[in-house]
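Below you'll find the structure, written out as structure tokens, and then a few comments.
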Amino acid sequence: MLAYIGRRISIAILILFGSTFITYNLQAYAGDPLAELRQSTEQNKQFLIDQLTKQLNLDVPPPARYFMWLQGILGVFTGNADLGMTRNKLPVIDQVVAAIPTTVRLVTVSTVLAIVLGITFGVLSAIRQYSRLDYSLTFVSFFLFSLPIFWVAVLLKEYMAIRFNDFLVNPVVDHIWAGGTAIVLAFVLAGFVGGSRRRVFATFGVGFLIFFGAFEAMSATLWLKDPSIGIIAIGVFGIGIAFGLTHVFTGLSNKKALGAAFTSVGFSLGMYYPFQQLAKGDTNYMVFTALAITMLVVSYFIGYFFTKIDKGPVIRVAMLTAFFTSLLTVIDRVMQTWKPYTELGAVAGRPIQTQGPVNILLKSNDFWINNLDLFTHILLPTTALTLISFAGYLRFSRGSVLEVLSMDYIRTARAKGVTEREVILRHALRNAMIPLTTLIAFDIAGILGGALITESVFGWRGMGSLSIEAIQNQDLNLLMGTFSITAFLAVMATLAADLIYSALDPRIRIRK
Amino acid sequence: MAINFKKKNNSEEPVELNEAGNEAAGTRGMSQGQIIRRRFFQHKPAVAGLVFMILFTIFVYSASGIHLGTSDNPFSIQGWWPYTITTVSDFSACGSGCPSAAHPFGQDSIGRDYFALVTRGAEISLMVMVVIGGLGGLIGTVIGAVSGFFGGIIDAVMMRITDFVITIPSILIGAVIGYRVGNLGVLPLAVFLGIFAWTGLTRLVRGEFLSLREREFVDAARVAGASNSRIIFKHILPNSVGVIIVSVTLLLSGSILTETGLSYIGFGVQDPDVSLGLLINKYQDSFNFAPWLFWWPGVIIIAIALSINFIGDGLRDAFDPRQRRRIKKKDFLTTSAK
């Protein structure tokens with residue numbers, strides 16, 4: 001095994017050498033870094049050209065210049081890697097290090113969302129194969145597959161940001177819109193619940209009343225100006241979440257799981273007021289993380305002590321319930337900052353932003369205001385990215401689950417009387433997720449590559465827009481800085497995917 | 001065959017199902033090709049996609065004509081649409097060039113007919129898509145087939161070459177072509193993008209060949225004295241054609257998005273050529289005062305990609321023998337009654 005990994009790593013180094021060499025020369029031949037200067041009319045033109053030539057070693061032919069660059073980057077083994085200078089005489093390494101957190105923040109959120117949502121809907125679509133829900137999800141996923149992201153980005157900017165901000169001035173939905181939207185939402189809800197015709201109609205009716213009522217109440221109280229959930233509503237939602245999760249993971253007949261879920265809700269509600277005290281504006285990520293870990297540990301033990309047999313699913317239900325209820329508490333806390341945030345001079349009543357990762361005019365020390373600012377900036381690009389990559393996960397996990405469900409061992413499990421829930425959760429899902437590891441490994445490696453188009457459309461200075469800028473300005477060292485990191489991760493992802501695959505699936509063995 | 005197919009499609013007669021839920025009697029006496037064709041034509045969205053693509057391609061190419069060659073040395077046949085992408089005409093109905101009878105898609109800011117621009121853009125995007133899909137499909141199939149069939153050291157080398165090609169970013173290829181050979185037109189761009197677009201397909205074809213080469217029919221062919229190339233092309237390839245066709249359609253719909261995306265950020269099709277991505281880039285700011293300039297290219301990209309995705313889905317259903325057909329309750333009742 002070690003020998004295999006060693007061999008693969010040495011091959012990976014060779015591949016990296018080859019691909020950086022090719023990229024370096026491609027880019028060197030793709031443009032003339034002096035083109036702009038040659039056409040300038042300045043007096044000291046020749047001097048500037050000579051200076052840049054000397055600075056970037058342009059008198060050395062590109063294949064040889066590559067080895068000068070390589071010599072610098074190999075310094076990584078002696079502890080002082082030199083990625084060279086950009087055209088503007090800034091160290092490349094600083095540029096890249098500044099771009100990485102921006103990119104990671106943007107792409108991680110959307111990747112995680114796309115994975116979670118895609119797998120959930122994909123599994124749902126597969127276990128209800130050929131239902132109306134399955135057909136609708138198939139259509140939606142094909143539609144999302146076909147969307148050009150730059151086009152969606154413009155639409156999102158217009159409708160989710162500019163018009164929504166205009167709407168916020170007087171957030172009153174008129175009755176026709178409220179009714180229409182409620183019908184659509186109730187229709188979607190009924191589709192997800194499914195079941196007999198009577199149940200579908202009942203869900204539709206109840207859903208319509210709830211949504212319509214919610215819209216009317218939101219208009220009447222101008223809720224969007226100063227939104228909040230409040231402890232009572234959190235309690236109601238929490239009970240709903242507890243029932244829902246218990247139904248999905250163990251079935252409502254499992255009283256232990258239901259009890260554990262309710263205890264988690266109670267615990268989260270009990271934390272509501274202490275949380276308001278602990279997480280004031282001067283809080284920081286340390287306190288926040290500590291609170292989150294406490295919540296998870298406590299809910300783990302709630303699940304652990306609630307039952308003696310088959311602890312796994314009960315613990316899962318307890319932890320997830322506590323997680324979602326606490327999430328509501330946090331959302332409620334963020335909502336409390338919404339009104340002060342929109343009234344700030346730097347925001348001026350237009351909270352949803354279309355450009356850049358943060359509001360640079362905003363000078364606040366308030367933890368919640370800063371986080372809300374991050375949220376209002378990340379909302380649009382994340383929506384665009386999630387929409388695009390969600391479809392891939394949905395199709396892939398649907399196919400994978402269907403493949404597994406047609407296996408003989410699933411038939412065996414059903415034949416010996418295992419309930420459908422257990423068949424899917426315990427027998428099918430685990431095996432169906434194995435092929436997804438490859439996809440996930442590549443996507444996670446792709447995070448640092450950034451999203452070329454999205455970053456440039458939304459004005460985020462991350463790895464993607466840095467690469468575009470480097471190509472446009474013929475800034476060879478800068479491009480190689482971003483590219484070598486991306487290529488390194490791509491090669492490592494292939495290796496990691498192969499290793500994880502063989503570790504998870506005993507049928508696949510690496511040939512020694 | 002045609003009569004048989006027609007009869008089956010129109011009649012409400014339930015398809016007889018065997019134990020596994022596959023069609024049995026309905027397909028008796030039909031060749032594999034006929035069964036696949038019939039299954040494909042039963043997939044309504046796929047047929048709709050196919051019809052749309054055929055009509056749309058004919059429409060676009062006949063409207064804007066055929067334009068080959070370079071900008072310095074053009075070769076073109078005019079289509080039936082009176083305006084070209086360079087004719088500037090007066091604003092007809094209203095000042096900002098909104099859609100009218102003479103210009104159904106409106107006019108751009110300098111008065112060029114937008115219908116001509118969009119059809120030419122669609123023509124170029126379609127051409128790039130087909131070249132990328134064709135080249136990528138060809139290279140991917142050959143490399144995947146060879147490495148899956150021979151395995152061992154050949155497989156290892158081929159797969160590492162694939163890893164190598166994955167790391168080369170397509171944006172860079174666009175940049176190189178744009179700068180070095182930009183005046184050759186869009187064909188070189190399409191060819192070079194195609195040369196680097198085969199990696200995903202290769203992995204799938206290789207996987208298929210890895211499992212098929214262990215099957216009995218391959219052993220039988222070998223015992224009968226078939227050469228390696230005969231086994232690859234006559235025995236295994238026809239069995240994996242489903243996987244290949246489906247992934248080529250995915251490659252096609254992916255490559256129209258790649259091309260328009262590259263053109264959008266300025267590394268794909270360059271002026272004076274037109275591409276749908278380039279049009280969106282140019283007119284994205286006119287969303288509020290001239291929305292038709294923004295909507296049309298996007299809608300056409302989505303329509304093309306969506307149709308191809310549905311065709312691919314229909315082909316997957318048609319080629320996959322393990323696919324279980326939908327069993328309706330009444331069908332089930334008639335079968336059990338027999």
Side-chain angles (χ1 to χ4, degrees), chain A residues 8 11-12 14-16 18-20 22-23 26-27 29-32 35 129-130 135 138-139 141-143 145-155 157-158 162 388 395 399 402-403 406 438 442 449 452-453 456-457 464 467-468 471-472 474 479 483 486-488 490-491 493-495 511, chain B residues 20 45 151-152 156 159-169 171-180 203 250 253-254 256-257 260-262 264-267 276-277 280-281 284-285 287-288 294-295 297-299 301-310 312-313 316 322 324-327:
Chain A
R8 279 294 296 270
I11 294 173
L14 273 182
I15 291 174
L16 277 176
S19 71
T20 45
I22 296 281
T23 316
L26 273 180
Q27 166 68 359
Y29 285 112
D32 177 10
Q129 196 189 7
Y130 299 136
Y135 284 125
T138 303
F139 180 80
S141 62
F142 279 144
F143 181 74
F145 251 146
S146 318
L147 284 180
I149 194 162
F150 43 94
W151 193 74
V152 177
V154 177
L155 286 184
K157 278 185 185 181
E158 182 67 23
I162 298 174
I388 306 289
R395 294 307 294 170
L402 282 180
E403 176 96 32
S406 67
T438 319
F442 275 99
L452 288 172
I453 298 175
S456 57
V457 175
S467 310
I468 293 185
I471 294 180
Q472 273 165 349
Q474 271 98 39
L479 178 79
F483 169 76
T486 322
F488 173 75
V491 173
T494 327
L495 179 56
R511 260 174 273 154
Chain B
M159 279 302 107
R160 297 297 82 78
I161 292 176
T162 316
D163 287 352
F164 166 68
V165 174
I166 286 177
T167 59
I168 310 258
I171 176 177
L172 199 57
I173 296 156
V176 174
I177 304 301
Y179 175 76
R180 280 284 152 186
R203 288 168 174 274
L250 284 179
S253 68
I256 190 166
L257 294 181
T260 48
L262 281 180
Y264 175 82
I265 49 177
F267 295 108
L276 295 173
I280 294 181
N281 181 24
Q284 55 183 340
D285 297 329
F287 187 84
N288 277 316
F294 170 78
W295 284 100
V299 168
I301 295 175
I302 294 176
I304 294 174
L306 194 59
S307 317
I308 291 174
N309 278 327
F310 274 124
D313 192 45
R316 189 201 331 263
R322 286 165 304 181
R324 272 190 291 170
R325 313 300 304 166
R326 185 178 186 184
I327 309 172

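Per chain, numbering begins at 1; letters A, B, ... match sequence-line order.
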If one checks every heavy atom of Phe483(A) against chain B at 4.5 Å, the contacting part turns out to be side chain
Quiz prompt | Side chain proximity check, Ile265(B) to Gln472(A), heavy atoms < 4.5 angstrom | solution = no
Honestly, the part of Thr494(A) sitting under 4.5 Å from a heavy atom of chain B is side chain
Heavy-atom nearest pair, Ile22(A) first then Ile168(B), reads CG2-CD1, 3.7 Å
### Message
Do Ser146(A) and Asn309(B) pair up side chain to side chain, a donor and an acceptor below 3.5 Å, judged on atom types alone?
### Response
yes
Bottom line for Ser19(A): the part with an atom under 4.5 Å from chain B's heavy atoms is both
Of all heavy-atom pairs linking Ala490(A) and Thr167(B), the shortest is CB-CG2, 4.3 Å
When the 4.5 angstrom heavy-atom criterion is applied to Ile280(B) and chain A, the contacting part is side chain
The interface call for Leu479(A) against chain B, heavy-atom contacts under 4.5 Å, is side chain
When the 4.5 angstrom heavy-atom criterion is applied to Thr260(B) and chain A, the contacting part is both
Review point. Does CZ in Phe287(B) sit with more than 12 non-hydrogen atoms of other residues, nucleotides or ligands closer than 6.0 Å?
Key: yes
| query | Looking at side-chain heavy atoms only, is the closest gap between Arg8(A) and Arg160(B) below 4.5 Å? | reply | yes
Output for pair (Phe145(A) CZ, Asp313(B) CG), nearest 0.5 Å, gives 10.5 Å
Original post:
Which word best sums up how the rings of Phe142(A) and Phe310(B) line up, parallel for under 30°, tilted for 30 to 60°, or perpendicular for over 60°?
Top reply: perpendicular
Open item on the list: Between Trp151(A) (side chain only) and Phe294(B) (backbone N and O only), is there a donor and an acceptor less than 3.5 Å apart?
Closed with: yes
Turns out that what part of Tyr264(B) lies under 4.5 Å from chain A's heavy atoms comes down to side chain
Phe267(B) meets the ring-ring contact (aromatic ring centres under 6.0 Å, His included) criterion, sequence neighbours left out, with none
Practice task
Answer whether the closest heavy-atom distance between the side chains of Phe164(B) and Ile11(A) falls below 4.5 Å.
Solution key: no
